[in-house]
Amino acid sequence: MKRCLFILILIGMVLNAYLSFAEQPFAIIVHGGAGSYGNDSVVNQKIKDVISFAVEQGYAVLEKGGSAIDAVETAIRILEDSPLFNAGKGSVLNEEGFVEMDASIMDGKTLKAGAVAGVRDFPNPITLARLVMEKTPHLLFAGEGIERLIDKFNLKRVSPKSLITPERLEEFKKQKESQRKGTVGAVAIDKNGNIAAGTSTCGMANKMVGRVGDSPIIGAGTYAKNSTCGVSCTGHGEFFIRQSAAFQVSSLVELGKFPLQKAVEFVLSEIKNMGATGGMIAIDKDCNIAFDYTTMGMPCGFKSSKGDFKVIIFKEELLNK
Ligand code: ASP
């Protein structure tokens, strides 16, 4: 009897070890926008702290068995709520001094996606994008339609002014050279191997009213497909649209058999050859994490069940232990 029990326990242990070994690895990567970051260590640390928090919160969702979509939305909402990034609160102002935000989200399992462009009075455009994906038969909303969505789902509007921070107002008043940075994005793969990606931004400072960038354009700023990868972009949107940047990465992985990192680097170099800069984050179906940028820096953080964890602004920081 004792022997039988011992064998049963042993089988249980072996099975458990096998199952945890065979478990699909999961991961999340987030970015805070490619751009010209300086070496003010206090400012940089503040940025890294928020990126780190977004990574940890998104990872916690995955660890509990939550979906990649939930992890992506969770991480992006944190970045939208921080005044340090050009999304949600802290958005840059357009040429007339108000904000018009864009966002998109995509589910790599179903290839469903949702997006909004020109949001003026809602602090978390990524959540609106998700509502479009899950609760409407459509993909992209703009203008008056967004106002109706907000009412339809009984969401709370905020005053457009409450999204403007004193720093952004100061930049606007000084008509500062458009410092293109601070877009946010996230890509995750969950325990079921489902991949999701999302991006949220207020685009370029001093942009013309009504200008829409790549961030709400599926295939340009955001893309996710379970059999290939998820991608979120940041950079000069017009060029990312012309290159179908995020979709191109997925296609290079699928048809060109490019390793993920090479695909990201290739598309960014194509965009650079056209005269524009930016950055990308990505995760593939095998839980490989990739990112790159052609600007001075890009806040970026990732965490995986394989034990990776890093938060950086400059690539050189990857060399530091
Ligand atoms: N891609 C964004 C846009 O063009 C801006 C950025 O990522 O910095 O709207």
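Computed from a predicted model, the values in this text were never measured in an experiment. All ligand and atom numbering here is 1-based and tracks the order in the structure.
Within the structure, the closest approach of G33 to ligand 1 does not fall below 4.0 Å when heavy atoms are considered.
Those atoms of ligand 1 that come under 4.0 Å of a heavy atom in T234, given as number and element, are 6 (C), 7 (O), 8 (O). The G213 neighbourhood of ligand 1 comprises atoms 9 (O), with distances under 4.0 Å to a heavy atom of that residue.
Judged by the 6.0 Å and 45° rule, K303 forms a cation-pi pair with F309.
The shortest contact between atom 9 (O) of ligand 1 and any protein heavy atom is with R211 NH1, 2.8 Å.
The environment of D40 atom CG is dense: over 12 non-hydrogen atoms of other residues, nucleotides or ligands sit within 6.0 angstrom.
The shortest N or O to N or O distance between T183 and ligand 1 is below 3.5 Å. For a threshold of 3.5 Å applied to N or O pairs, the pair formed by G237 and ligand 1 contains at least one separation below that value. Checked against a 3.5 angstrom limit, the closest N/O atoms of T201 and ligand 1 fall outside it. Looking at ligand 1, you'll find an N or O of D214 within less than 3.5 Å of one of its N or O atoms.
T295 and T277 share no side-chain donor-acceptor pair at under 3.5 Å. For N124 and D81, the side-chain atoms include at least one donor-acceptor pair closer than 3.5 Å. Remark: the S215 side chain and the T199 side chain contain no N/O donor-acceptor pair separated by less than 3.5 Å.
Using cut-offs of 30° and 60° for the angle between ring planes, the F266 and F258 rings count as perpendicular.
With respect to V99, the side-chain contact (heavy atoms from CB on, under 4.5 Å) criterion is satisfied by exactly one of I164, D121, V119, N86: I164.
Ranked by closest heavy atom to atom 5 (C) of ligand 1, the top entry among G235, A276, P216, G35 is G235.
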